[in-house]
Structures are given as structure tokens and as C-alpha cells.
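What follows is a single structure, written as C-alpha cells, with notes after it.
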Amino acid sequence: MAGPLALRFVSSFPHARQMPATVAEIALVGRSNVGKSSLLNALAQRKKLARTSKTPGATRLINAFELGAEGSGLWLVDLPGYGYAKASKAEQGRWSAMAEGYLAHREPLRGVLHLIDGEIGPTGLDLQTVEWLDGLGLPVTYVATKADKVRPSRRGNRRSELAAKLGTDRGTVHWTSSTKGTGITELRALVATLLQA
């Protein structure tokens with residue numbers, strides 16, 4: 001059983017080039033209201049590790065969290081969410097450039113956790129991101145969030161539909177619920193393995 005990840009907030013960065021050298025990093029990518037901050041808090045079993053907001057788009061910088069002892073150099077990196085309609089086009093463009101600059105050029109990056117809203121399935125923007133990440137050749141793990149919001153009678157079909165849209169096998173999608181704790185133990189183990197490999 002994987003216990004809570006010993007994560008601590010390191011810093012926020014406006015650009016990847018301002019980030020120091022590390023040993024290994026895993027990035028969290030997803031739409032602005034997919035629940036990245038809630039998932040980070042669930043992984044660490046801490047309510048206020050990452051700031052959550054009722055308003056989508058709260059993450060506007062690259063936020064870094066370190067696993068284990070201070071100075072371990074093992075980072076979980078929360079990138080600004082994409083697709084927040086109420087932000088200005090200029091602001092959306094800035095967030096997008098920030099995330100893309102990190103994902104395309106960050107040397108210690110080991111892989112990406114791509115969060116997809118399990119209740120509504122992959123959006124057009126999600127699928128564009130899938131394609132773009134594929135083009136970069138980065139190892140991607142799909143994490144379906146909000147599993148608790150999918151009715152029990154729909155869960156089997158929803159898992160198959162979501163995986164088919166992503167072009168992957170349903171067994172490779174990690175289904176999670178930050179509120180109910182579904183799939184969190186397994187995801188903790190996966191994150192620890194990816195960072196410490």
C-alpha cells in the first residue's frame with residue numbers, strides 16, 4: 001500500500017528557463033477545471049498543499065512540488081490548465097507558451113500525467129493536447145478524474161468510451177476521485193516509481 005506522498009511546495013516559476021536543475025520531474029497537464037490541484041492534495045493527503053479554487057484557471061504559473069527529503073531533486077510539476085474561456089486571449093496564449101516551453105525543452109522531464117475529466121470525457125482541446133504530446137515523444141499516463149461523478153450504471157461504458165477516444169486500452173487509464181480516494185493509492189505508487197526509476 002502506497003501511503004501519502006511526502007510532497008512539499010518548492011516554488012512557482014513564470015518560465016521553465018528559471019527553474020533550477022533537478023534529478024527527475026513528472027508534469028501534470030490538463031484542462032483548467034479538471035482537478036489538478038485537488039489531485040495533488042489527495043496524493044499528499046494534505047488539504048492545502050496546492051491551492052484549489054472554485055474558479056477554473058487558478059494555476060497561472062509553473063508550480064513545483066518536491067518528493068521526499070529537501071534537495072532530493074524529485075519534482076512533481078503542476079502546469080497551468082488549458083481551455084479556460086474567461087481568460088483573455090493574451091493570457092491564454094501566455095499560459096500555453098509557458099506550458100509548451102516546459103514540456104518541449106525541460107531536460108529532467110520523465111513523463112506526463114495527462115488528466116482527463118472522467119465525467120465528461122476528452123474534449124477537443126484534450127485530444128489536441130494528446131496529439132501534441134505524442135509528437136513530443138513524451139511518455140504519457142492518462143488519469144481520469146472525478147470518477148465519483150460517473151453513475152455506477154455508466155462506469156463500464158464510460159471507461160471504454162474514454163479510452164477509445166484517447167486511442168488507448170481502457171486498462172491503461174487510471175481512474176481517480178480526489179474526494180472519495182478512488183485510485184489514489186495506485187497513482188501514488190506510480191508517481192513514486194516514475195520519479196525514482
Side-chain angles (χ1 to χ4, degrees), residues 1-10 19 22-31 34-52 59 62-79 81 99 102-103 106-119 121-122 126 129-130 133-134 136-150 152 155-156 158-160 162-164 166-197:
M1 290 279 286
L5 294 181
L7 291 169
R8 64 177 192 87
F9 175 69
V10 179
M19 298 170 75
T22 62
V23 176
E25 296 173 14
I26 297 293
L28 267 70
V29 171
R31 285 193 307 115
V34 77
K36 290 189 283 91
S37 297
S38 296
L39 185 69
L40 268 166
N41 290 339
L43 290 173
Q45 204 174 314
R46 288 172 57 193
K47 287 184 180 175
K48 295 182 180 175
L49 174 68
R51 187 166 71 99
T52 59
T59 303
I62 299 171
N63 292 321
F65 301 85
E66 190 165 50
L67 176 65
E70 189 170 344
S72 70
L74 305 176
W75 282 15
L76 202 50
V77 178
D78 185 17
L79 296 176
Y102 170 85
L103 291 166
R106 187 68 179 159
E107 198 62 43
L109 184 59
R110 291 266 178 90
V112 172
L113 300 183
H114 189 181
L115 276 56
I116 307 290
D117 189 319
E119 185 183 15
D126 287 327
T129 305
V130 167
L133 290 171
D134 193 45
L136 289 177
L138 291 169
V140 176
T141 299
Y142 295 114
V143 179
T145 61
K146 308 180 187 180
D148 56 297
K149 295 195 174 178
V150 181
R155 282 179 192 159
R158 177 49 57 85
R159 288 183 182 220
S160 298
L162 187 140
L166 293 172
T168 189
D169 182 82
R170 67 177 261 170
T172 64
V173 179
H174 293 261
W175 282 78
T176 64
S177 166
S178 298
T179 53
K180 302 285 187 188
T182 308
I184 297 300
T185 299
E186 294 80 1
L187 196 58
R188 285 171 180 157
L190 177 69
V191 167
T193 300
L194 290 171
L195 284 174
Q196 293 167 342

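When a residue number appears, it is its place in the shown sequence, counting from 1.
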List the atom of [X], the atom of [Y], and the distance in Å for their closest heavy-atom pair.
X: Asp117; Y: Thr145; result: CA-OG1, 3.7 Å
X: Pro108; Y: Val23; result: CB-O, 4.1 Å
X: Arg159; Y: Arg170; result: O-CB, 3.8 Å
X: Leu103; Y: Ala27; result: CD2-CB, 4.1 Å
X: Val143; Y: Leu39; result: CG1-CD2, 4.3 Å
X: Ser72; Y: Leu67; result: OG-O, 2.6 Å

Is a donor on one side and an acceptor on the other found under 3.5 Å between the side chain of [X] and the backbone of [Y]?
X: Asn41; Y: Leu49; result: yes
X: Arg155; Y: Val150; result: yes
X: Lys36; Y: Leu79; result: yes
X: Thr176; Y: Thr182; result: no
X: Arg110; Y: Glu25; result: no
X: Thr172; Y: Thr168; result: no
X: Arg158; Y: Gly118; result: yes

Rounded to the nearest 0.5 Å, how far does OG1 of Thr179 lie from CG of Asp148?
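So the CG of Asp148 and the OG1 of Thr179 are separated by 3.5 Å.
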Are any non-hydrogen side-chain atoms of Ile62 and Val77 less than 4.5 angstrom apart?
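A side-chain contact under 4.5 Å exists here.
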Salt bridge between Lys146 and Glu119, side-chain N to carboxylate O under 4.0 Å?
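No.
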